[in-house]
Amino acid sequence: MVNQNLTATEIGFTHEDFAALLDKYDYHFSPGDVVPGTVFSIEPRGALIDIGAKTAAYIPIQEMSINRVDAPEEVLQSNETREFFILTDENEDGQLTLSIRRIEYMRAWERVRQLQAEDATVRSGVFATNRGGALVRIEGLRGFIPGSHISTRKPKEELVGEELPLKFLEVDEERNRLVLSHRRALVERKMNRLEVGEVVIGTVRGIKPYGAFIDIGGVSGLLHISEISHEHIDTPHSVFNVNDEVKVMIIDLDAERGRISLSTKQLEPEPGDMIKNRDLVYDKAEEMAAKYREQLLAKQQGITAAPAVAEEDIPSATEEDIPSATEEDIPPATEEISASAEEDISPATEEITTSTEEDITAAIEEDIPAATEEEIPVAIEE
């Protein structure tokens, strides 16, 4: 039988020693740590989690998912073990607050950065619109499509529920900005079916001092003023009217910038025919385009071929000649943007238009309120 009267000296290990040992090997948790935990009690608006601390940690319902959660049971089950993010330091009762939402956000941002690096096209349904554009969710993150990057004749309000192909314009986790373009996705898809030197039929949708925007099957290409004719032209308005049907040749496809460059100059049998005899240019378009492709192929192969028109007589439009759609060309993304105004905007722009900071909705925090002090119950001692 064990002697119940052994002294502390005989045992060699006191209660104080035991407490010191517990302190020595106690885990120290800090906000930002990701730790394993087990659900042992589900509350009406949250759950208590055993993460090995002296006091049960708490996860409020707002922190259970990147998406809306109406009941904790939608996400967690009793005795389930999973990873949790430590959101706050211990409160006065020694209780930590946890989050699953933060882990999902970190992984979602990592995924969209990867998709952007791959220049991937993603699809997402529009769940809301505002005065500047449309809102979608990508990997659970809230993204914004500026009005000038929505390529449809529908009013924005009618887009709710519609799934759109999208390209990434901006992925900035620090500023909570996820900005996408529907227009760029359509341009890229159309570009995959187009070739340099191909003749296409299009419709004039907008005229600017520097050129005309031509709709070619749902996407716009720029017919720069320098590519209309070999003869000097003061303004594109002297040659075209909005809604004119035209034959144009594709001279450049820039998928990275979403730019389609067009020409009628290269289709002229004689310099100035676009001004003097446009029907002749259209009749001879395929023939002149074939010659252009031959010259292009010869140039690529390093063969000197006699050009149909002397090369020095064909000044190519330089970068300076072809302006990007600048802020004064693109109307602010407000509710005043009409369908016709959008058609005047070239898809060949990398810039996000003048949507204000408040229009580009934060992808994090805004729609999920932080847990308040009264929603976090007093710690229950284990």
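By convention here, the first residue in the shown sequence is residue 1.
No more than 12 heavy atoms of other residues, nucleotides or ligands lie within 6.0 Å of NZ in K284, so this atom counts as exposed by the packing criterion. Around the CD atom of E270, the shell of radius 6.0 Å holds no more than 12 heavy atoms that belong to other residues, nucleotides or ligands.
Listed by chain and number, the residues in a side-chain hydrogen bond (donor to acceptor under 3.5 Å, both in side chains) with E162 are K154 (sequence neighbours excluded). For R82, the side-chain hydrogen bond (donor to acceptor under 3.5 Å, both in side chains) test picks out no residue, with sequence neighbours left out. For the salt bridge (Lys or Arg N to Asp or Glu O under 4.0 Å) test, no residue two or more places apart in sequence or in another chain qualifies with E90. Not counting sequence neighbours, the partners of D70 by the side chain to side chain contact (heavy atoms under 4.5 Å, CB included) test are R68, E74. Shown here are the salt bridge (Lys or Arg N to Asp or Glu O under 4.0 Å) partners of R293, two or more places apart in sequence or in another chain: there are none. Residues meeting the side chain to side chain contact (heavy atoms under 4.5 Å, CB included) test with P44, sequence neighbours left out: none. In terms of the side-chain hydrogen bond (donor to acceptor under 3.5 Å, both in side chains) criterion, E198 has no residue partners (sequence neighbours excluded). For E195, the side-chain hydrogen bond (donor to acceptor under 3.5 Å, both in side chains) criterion is met by no residue, not counting sequence neighbours. E73 is linked by a salt bridge (Lys or Arg N to Asp or Glu O under 4.0 Å) to nothing, counting only residues two or more places apart in sequence or in another chain. Checked against salt bridge (Lys or Arg N to Asp or Glu O under 4.0 Å), E104 has no partners two or more places apart in sequence or in another chain. For A128, the side chain to side chain contact (heavy atoms under 4.5 Å, CB included) partners at least two apart in sequence or on another chain are L135. Legend: residues meeting side chain to side chain contact (heavy atoms under 4.5 Å, CB included) with S124, ordered by chain and number and at least two apart, are V136, I138, L166.
Side-chain atoms of K156 never come within 3.5 Å of backbone atoms of A134 as a donor-acceptor pair (strictly under, hydrogens ignored). Between the side chain of D50 and the main chain of G52, a donor-acceptor pair closer than 3.5 Å is present. Without hydrogens or angle criteria, D93 side chain to Q95 main chain gives no donor-acceptor distance under 3.5 Å.
The side chain to side chain donor-acceptor pair (under 3.5 Å) test with S263 singles out one residue from H224, E227, E268, and that residue is E227. The only option from E139, E83, E173 that meets the salt bridge (Lys or Arg N to Asp or Glu O under 4.0 Å) definition with R107 turns out to be E83.
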